[in-house]
Structures are given as C-alpha cells and as structure tokens.
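First the structure, in the form of structure tokens, and then the observations on it.
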Amino acid sequence: MSKQEDLDLRYMRMARIWAENSYCTRRQVGALLVKNKMIISDGYNGTPSGFENQCEDENNVSKPYVLHAEANAISKIARSHNSSDGATLYVTASPCMECAKLIIQAGIRRVVYGEEYRIMDGVELLQRAGIQTVFLNQQDAR
C-alpha cells in the first residue's frame, strides 16, 4: 500500500467519524478538506446554523434546506482565511451534481468518496472537469 493510499484510508475513517455529528436519520455524511496533510475544513450534512437540528419532515423526507457535508465544508473554508485551492475532499458518500459544482468552483483537485450513491452524475461532472476521483470502499476504510 502506498503512503497516499494509507493517508486516504485514515482521512476517510475520520470523515466517517465526523459524519456521526449529523442529526440526519436517513443518512449521515461527513466531509474533510485536506491540504498539505492538514485538515483545513470539515462538514457534515444538516440544517443551516440557527435552524432546528431535524433534517427530515414528518414523512421522513429530507427538508429542502438541508446542507450536504461537502457544502458545509466548502462554506466553512470560505469564511476562514484558508484556501481550498488544490485541496483533497474526503467525503463518505459520492457528491451530488450541486456539490460537484461547488467542488469545481472551490478549486478542489481531488475527491475521495466512500459510498456510491444511486445517481453518479456529480462524480461524472468532476471527472469531466479534470478532478481526480477515487472510490474508497467503506469496508476498506475500517
């Protein structure tokens, strides 16, 4: 195993632990932004700051204003003095189309994800943009 693969496994385990902070019951997703072997941002799926910590409505459908883990990590870095340009994003589930657009615009160059969602158009867009995508099976990240 290469040093990069070893690091990928470690950061993915950390993203999975970070996902436990989510109040969402249907799916908990965690994300870490790493640059120069330093975690520069983190996120998990949930409601915006100041909202109730309940992601699903009475029918167990995600509320439309729930933020994805990637969006939270990118938003957090935008409020800091750090830059995500050239960073790697570790996320426990494959990015959706909307998050893929944010990833591209944030200058992230590599995305490592741990679960393939049924719709893979976000990953396809990232690849089209020249961003390296790596599927790291959740079982490997234990």
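Just so it is clear, the structure is predicted and the values come from calculations on it, not from any experiment. Along the sequence shown, residues carry numbers from 1.
Among residues at least two apart or in separate chains, salt bridge (charged side-chain N to carboxylate O under 4.0 Å, His left out) pairs with a member in residues 54-73 are Glu52-Lys63.
The two residues Gln4 and Tyr90 have their closest heavy-atom pair at NE2-OH, 3.7 Å. Annotation for Asn72 and Gly46: closest pair ND2-N, 4.2 Å, computed over non-hydrogen atoms. Of all heavy-atom pairs between Ala19 and Gln28, the closest is O-CB, 3.4 Å. The two residues Ala69 and Gly30 make their nearest non-hydrogen contact at CB-C, 3.9 Å. Taking all atoms of both residues into account, the shortest heavy-atom contact from Leu89 to Ala31 is CD1-CB, 4.0 Å.
Rounding to the nearest 0.5 angstrom, the gap separating the OH atom in Tyr44 from the CG atom in Leu32 is 12.5 Å. Once rounded to the nearest 0.5 Å, the distance linking CG of Asn137 with CE of Met12 reads 10.0 Å.
Under the rule for a disulfide bond (SG atoms under 2.5 Å apart), Cys99 has no partner lying at least two apart in sequence or in another chain. Taking the side chain to side chain donor-acceptor pair (under 3.5 Å) definition, one finds that Asn45 meets it with Ser22, sequence neighbours left out. Every disulfide bond (SG atoms under 2.5 Å apart) that Cys24 has, sequence neighbours left out, goes to Cys55. For Ser62, the side chain to side chain donor-acceptor pair (under 3.5 Å) partners are Arg26, not counting sequence neighbours. With sequence neighbours left out, Arg110 forms a side chain to side chain donor-acceptor pair (under 3.5 Å) with Asp8, Gln132. For the side-chain contact (heavy atoms from CB on, under 4.5 Å) test, residues two or more places apart in sequence or in another chain that qualify with Ser80 are Ile77, Asn82.
Hydrophobic clustering, with ILVMFWY side chains joined whenever heavy atoms are under 4.5 angstrom apart, groups Met14 together with Leu9.
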Please tabulate, one pair per line, all N/O donor-acceptor pairs under 3.5 Å involving side-chain atoms of residues 116-128, not counting sequence neighbours.
unit_1	atom_1	unit_2	atom_2	d
Gln127	NE2	Thr133	OG1	2.8

Pairs under 3.5 angstrom only: tabulate donor-acceptor contacts from the side chains of residues 100-108 to other protein residues two or more places apart or in another chain.
unit_1	atom_1	unit_2	atom_2	d
Lys101	NZ	Glu98	OE1	3.4
Lys101	NZ	Glu98	OE2	3.0

Show me, pair by pair, the donor-acceptor contacts under 3.5 angstrom made by side chains of residues 34-42, not counting sequence neighbours?
unit_1	atom_1	unit_2	atom_2	d
Lys35	NZ	Ser83	O	3.2
Lys35	NZ	Asp85	O	3.0
Ser41	OG	Ala73	O	2.7
Asp42	OD1	Trp18	NE1	3.3
Asp42	OD1	Lys76	NZ	2.5

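Other residues sharing a hydrophobic cluster with Tyr65 under the 4.5 Å side-chain heavy-atom criterion for ILVMFWY residues are Phe51. Members clustered with Ile17: none, using a 4.5 Å side-chain heavy-atom cutoff among hydrophobic residues.
Of the possible donor and acceptor atoms, none in the side chain of Ser84 sits under 3.5 Å from a partner among the backbone N and O of Ala87.
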